[in-house]
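Below: the structure, in structure tokens.
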2 protein chains.
Amino acid sequence: MMGRGNDKSRRRGAGRPRAGQEPLTRERILDAALGIVDEEGLGALTMRRLAAELGVNPMSIYHHLPGKDAVISGLVELVCSGMRVHYPDGSSWQEQVRAWAEAYRGLVRSHPNLVLEVVSNAAAATEAVLLVNEPLYGALDGSGLPPAEVLRAADSVVDYVHGFALAEGAQPSGHSFDRSELLARLEAGDADGLTATRRVFGALARDEARYDFDRGFDYGLGILLKGIEARIVDAEGFR
Amino acid sequence: MMGRGNDKSRRRGAGRPRAGQEPLTRERILDAALGIVDEEGLGALTMRRLAAELGVNPMSIYHHLPGKDAVISGLVELVCSGMRVHYPDGSSWQEQVRAWAEAYRGLVRSHPNLVLEVVSNAAAATEAVLLVNEPLYGALDGSGLPPAEVLRAADSVVDYVHGFALAEGAQPSGHSFDRSELLARLEAGDADGLTATRRVFGALARDEARYDFDRGFDYGLGILLKGIEARIVDAEGFR
DNA sequence: ACCTGAACACCGTTCAAGT
DNA sequence: ACCTGAACACCGTTCAAGT
């Protein structure tokens with residue numbers, strides 16, 4: 001739990017930083033904001049609440065960041081700048097793409113209340129986004145694809161991870177979730193026209209009703225990699 | 001432009017619907033809300049603004065929908081219920097998946113200001129979402145994949161479309177956008193450590209700098225389909 | 001330069017009162 | 001049952017004033 005700015009620590013005199021008190025900085029503001037978002041959700045992040053957390057007047061924040069939008073995109077930048085991937089020596093491009101995707105998924109998942117912002121601000125080609133994508137370009141550049149296809153393939157992988165992270169983030173628990181409620185509803189037959197849905201879910205083995213996100217993520221990645229491999233074979237065939 | 005509720009059309013007496021005036025319904029409210037969101041963005045949608053649009057007191061809305069959240073999820077439901085796919089007779093499962101993905105992308109793209117909501121509410125297994133996914137299950141069920149894999153493959157396709165729609169929706173223009181700004185920044189070399197990014201973008205032909213969303217979407221879909229095909233071959237090999 | 005207090009123009013929603 | 005008016009507890013942000 002974060003300490004709320006209480007009366008004792010809140011400054012009273014204007015413009016006079018108390019001796020020994022840390023000055024307000026962009027970094028301190030963003031750290032506090034990230035704490036609020038992680039613990040209580042994006043809805044809890046207000047300029048006033050953030051100021052209280054810092055023991056400061058709401059308006060003081062505006063001297064370091066132009067507004068609330070800037071706080072939020074600063075948060076996205078902060079989170080994205082934590083991206084780290086390590087490719088073991090001699091790893092194949094497939095292993096590297098996997099490592100990248102898992103690192104990126106992990107990054108996004110470590111701040112579930114910010115998924116929507118990360119995933120939708122990612123299109124704005126900020127410095128942070130470029131740094132996130134760099135290792136992915138690196139991996140795919142070693143696959144033998146022509147550069148235009150490296151970009152397309154990278155975009156496809158990014159889009160998939162974004163979509164997956166969104167679905168995963170929307171789920172309350174995270175690790176796995178139970179589809180038996182859905183199954184029961186389908187068996188009750190209250191849904192007209194869902195014939196394929198009913199057939200597919202009905203044919204699931206009992207132990208398959210529990211959806212495992214990790215395996216789902218792997219599966220999609222595997223499909224994408226196989227598909228990219230097929231493109232490489234095609235490209236080589238044209239030589 | 002939508003007509004604002006002006007004084008002449010706004011009711012004065014409480015609880016007394018004027019003769020000839022349409023009664024307030026959930027449907028009318030959602031239609032008006034969708035109009036506001038499509039024209040002015042989600043940020044313009046407030047209960048007070050919505051009421052003004054309908055020529056009604058803000059509180060009247062609460063008799064038909066429990067709150068603003070309900071208005072927004074009602075909007076998502078409304079949009080999703082417009083999903084229509086037609087599979088030509090004799091079409092392959094690949095063609096069907098393509099048709100589904102294009103229909104879904106089109107649906108989402110027709111309300112760009114709602115993309116974020118559609119894509120993040122989609123995880124909640126509402127009736128509308130089931131109806132959207134049904135034709136996709138139908139297509140993949142005809143591919144020869146075992147049911148558990150039909151679900152995983154469907155999820156992968158959905159995640160990809162979501163991620164793509166998000167990226168596309170975040171872009172201002174839509175149809176295509178120019179990467180030459182990014183290229184120039186990379187060539188200026190102000191970005192350290194972006195070696196692979198620089199190499200890949202640098203190797204692009206001049207006519208490839210313009211990014212075409214339609215072709216990008218096709219490419220990702222093609223990869224996914226090829227990957228799914230590979231899974232089917234594997235499954236058959238185990239028979 | 002940095003911080004503050006008061007004020008402005010908004011929000012979503014509750015609640016008691018109207019018809 | 002359906003609609004309203006006033007009120008409550010909030011918002012983000014501007015602006016002039018403090019030190």
Side-chain angles (χ1 to χ4, degrees), chain A residues 4-30 32-33 36-37 40-76 113 117, chain B residues 4-30 32-33 36-37 40-76 113 117:
Chain A
R4 283 205 165 194
N6 57 15
D7 284 359
K8 207 164 54 173
S9 72
R10 187 179 289 127
R11 255 177 263 161
R12 297 313 190 110
R16 196 192 289 136
R18 233 191 231 168
Q21 185 156 13
E22 289 171 87
L24 203 56
T25 60
R26 197 186 119 100
E27 200 194 348
R28 276 189 65 217
I29 293 167
L30 291 179
I36 293 170
V37 172
E40 303 173 47
L42 196 61
L45 183 67
T46 69
M47 297 302 271
R48 293 163 133 106
R49 170 88 167 75
L50 180 54
E53 205 73 35
L54 292 158
V56 122
N57 184 286
M59 289 301 99
S60 305
I61 298 169
Y62 287 82
H63 287 274
H64 301 90
L65 287 150
K68 192 184 180 180
D69 286 353
V71 174
I72 292 177
S73 49
L75 244 36
V76 172
N113 299 328
E117 305 304 316
Chain B
R4 284 202 164 197
N6 57 16
D7 283 358
K8 207 166 55 174
S9 72
R10 188 179 289 128
R11 254 177 264 162
R12 297 314 190 107
R16 197 193 290 137
R18 232 190 232 169
Q21 185 157 12
E22 289 171 88
L24 202 55
T25 60
R26 196 186 120 100
E27 200 194 348
R28 277 189 64 217
I29 293 168
L30 291 179
I36 293 170
V37 171
E40 304 173 46
L42 197 61
L45 182 67
T46 68
M47 296 302 270
R48 291 163 133 108
R49 170 88 167 75
L50 180 54
E53 205 73 37
L54 291 158
V56 122
N57 184 286
M59 288 300 100
S60 305
I61 299 170
Y62 288 81
H63 287 275
H64 301 90
L65 287 150
K68 193 184 180 181
D69 286 352
V71 173
I72 292 177
S73 47
L75 244 36
V76 173
N113 299 328
E117 305 303 316

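The model shown is predicted, which means the values in this text are computed figures rather than measured ones. Every chain is numbered from 1 and lettered A, B, ... according to where its sequence line falls, protein lines coming before strand lines.
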Revision key, fill the gap. D/dC3 -> Watson-Crick or G-U wobble partner, both distances under 3.5 Å, gives none
Review point. Is the backbone of A/Pro23 close enough, under 3.5 Å, to the side chain of A/Arg28 for a donor and an acceptor to pair up by distance?
Key: yes
Review point. What interatomic distance, in whole Å, is found between C1' of D/dC2 and the corresponding atom of C/dA16?
Key: 15 Å
Practice item. Show the numbers, then the answer: is there a side-chain contact (heavy atoms from CB on, under 4.5 Å) between B/Ile72 and B/Leu45? Key: CA-CA 9 Å; B/Ile72 292 177; B/Leu45 182 67; 4.2 Å; yes
**Study point:** Worked check of side-chain contact (heavy atoms from CB on, under 4.5 Å) between B/Glu117 and B/Leu75
**Key:** CA-CA 9 Å; B/Glu117 305 303 316; B/Leu75 244 36; over 6 Å; no
Study note, to complete from the structure: Here the distance between atom P of C/dT13 and atom CG of B/Asn57, to the nearest Å, is 14 Å
Exercise for review: Nearest whole angstrom, please: distance from the C1' of C/dT14 to the CD1 of B/Ile61.
Suggested key: 15 Å
Under 3.5 Å, which protein N or O atoms sit close to an N or O of nucleotides 10-12 of chain D? Give each pair with its distance.
from: D/dG12; atom 1: OP1; to: A/Met47; atom 2: N; distance (Å): 3.2
from: D/dG12; atom 1: OP1; to: A/Lys68; atom 2: NZ; distance (Å): 3.3
from: D/dG12; atom 1: OP2; to: A/Met47; atom 2: N; distance (Å): 3.0
from: D/dG12; atom 1: N7; to: A/Arg48; atom 2: NH1; distance (Å): 2.3
from: D/dG12; atom 1: O6; to: A/Arg48; atom 2: NH1; distance (Å): 3.2
from: D/dG12; atom 1: O6; to: A/Arg48; atom 2: NH2; distance (Å): 3.4

**Study point:** Whole-Å gap separating C1' (D/dC2) and CG (B/Leu65)
**Key:** 14 Å
**Study point:** Nucleotide nearest A/Met59 (side chain, heavy atoms from C-beta), chosen from C/dC3, D/dT13, D/dC3
**Key:** D/dT13
Study note, to complete from the structure: When rounded to whole Å, the NE2 to C1' distance for the pair B/His63 and D/dT4 reads 8 Å
Review point. Heavy-atom distance under 4.5 Å between the side chains of B/Arg49 and B/Glu40, does that happen here?
Key: yes
Exercise for review: Identify the nucleotide, in any strand shown, that forms a Watson-Crick or G-U wobble pair with D/dG12, with both distances under 3.5 Å; if there is none, say none.
Suggested key: C/dC8
Point to revise | Short side-chain to backbone donor-acceptor contact, B/His64 and B/Ile29, under 3.5 Å | key: no
Review point. Is the phosphate of D/dC2, meaning OP1 or OP2, less than 4.0 Å from a side-chain N or O of B/Ser60?
Key: no
Review point. Think A/His64 has a side-chain N or O under 4.0 angstrom from the OP1 or OP2 of C/dA1?
Key: no
Exercise for review: Taking atom P in both D/dA9 and C/dA9, compute the distance separating them and give it to the nearest angstrom.
Suggested key: 22 Å
Practice item. Answer yes or no: is there a side-chain heavy-atom contact under 4.5 Å between A/Leu30 and A/Leu65? Key: yes
Check your understanding: Judged by atom type as modelled, is there a donor-acceptor pair below 3.5 Å linking the side chain of A/Asn113 to the main-chain atoms of A/Val37?
Key -> yes
